[in-house]
Amino acid sequence: MDQKVVAGVGNVYRAEVLFRHGIDPYRAGRDITPAEWDALWSDLVDLMREGVRNNRIDTVRPEHTPEAMGRPPRVDDHGGEVYVYRRAGLPCHICGGEIRTAGLAARNLFWCPACQHT
């Protein structure tokens, strides 16, 4: 959460990219390996490029879209299909467990404890 290290990614992309890589949001940044960092960064670049192209933040992989899973689309003023952001109390698209939320450094965390354990 220290924006002297990385700033500008935003709360949505932070929550979502951590989910996509199975990383617990409470894990210290210093414990991220160089390989994990490279994968996170590459994924963020792709997600943000798509966000600009589509003018909305969609972070779910094709196999997890509403059409692919036979679920209703997300209804939120923020828009976009996401895994955990603003989905507290709802079931995880992957494991069915409950998405959690908590405050940290004046930001809201959103995560799935079952899917984000590293």
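- With rounding to the nearest 0.5 angstrom, the CD1 atom of Ile32 is 6.0 Å from the CG atom of Leu40.
- Asp24 contributes atom CG, which lies 10.5 Å from atom SG of Cys112 (distance to the nearest 0.5 angstrom).
- Checked against side-chain contact (heavy atoms from CB on, under 4.5 Å), Arg86 has the following partners two or more places apart in sequence or in another chain: Arg74, Asp76, His78, Phe110.
- Residues Val45 and Ile57 share a hydrophobic cluster, clusters being chains of Ile/Leu/Val/Met/Phe/Trp/Tyr side chains in contact below 4.5 Å.
- Taking 4.5 Å as the limit, every side-chain heavy atom of Met69 sits out of range of all side-chain heavy atoms of Val60.
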Phe19 and Ile94: CA distance, side-chain angles, deciding distance, side chain to side chain contact (heavy atoms under 4.5 Å, CB included) verdict:
CA-CA 10 Å; Phe19 177 86; Ile94 307 304; 3.7 Å; yes

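- Not counting sequence neighbours, His117 has no partner by the side-chain contact (heavy atoms from CB on, under 4.5 Å) test.
- Heavy atoms of other residues, nucleotides or ligands lying less than 6.0 angstrom from CG of Asp31 number more than 12.
- Minimum heavy-atom separation, Cys95 to Ala114: SG-CB, 3.8 Å.
- Side-chain N or O atoms of Glu16 include one that pairs as donor or acceptor with a backbone N or O of Tyr85 at under 3.5 Å.
- Atom-to-atom distance recorded for Arg87:CZ and Thr101:OG1 is 12.5 Å, nearest 0.5 angstrom.
- Note that CZ of Arg71 and NE2 of His64 are 9.0 Å apart. Values are rounded to the nearest 0.5 Å.
- The shortest distance between side-chain heavy atoms of Gln116 and Arg100 does not fall below 4.5 Å.
- With hydrogens and angles ignored, the 3.5 Å screen pairs a side-chain donor or acceptor of Tyr83 with a backbone N or O of Arg61.
- Put simply, Val12 and Leu90 are part of two different groups of oily side chains (I, L, V, M, F, W, Y) that touch within less than 4.5 Å, one to the next.
- The distance from the CG atom of Asp43 to the CG atom of Leu18 is 10.5 Å, given to the nearest 0.5 Å.
- Between the side chain of Asn54 and the backbone N or O of Arg56 there is no donor-acceptor pair closer than 3.5 Å.
- Using modelled atom types, one side-chain atom of Arg20 and one backbone atom of Thr59 make a donor-acceptor pair closer than 3.5 Å.
- In this structure, Val9 and Val17 have side chains that are not in contact, with every pair of non-hydrogen atoms separated by 4.5 Å or more.
- Between the side chain of Ser42 and the backbone N or O of Ala39 there is no donor-acceptor pair closer than 3.5 Å.
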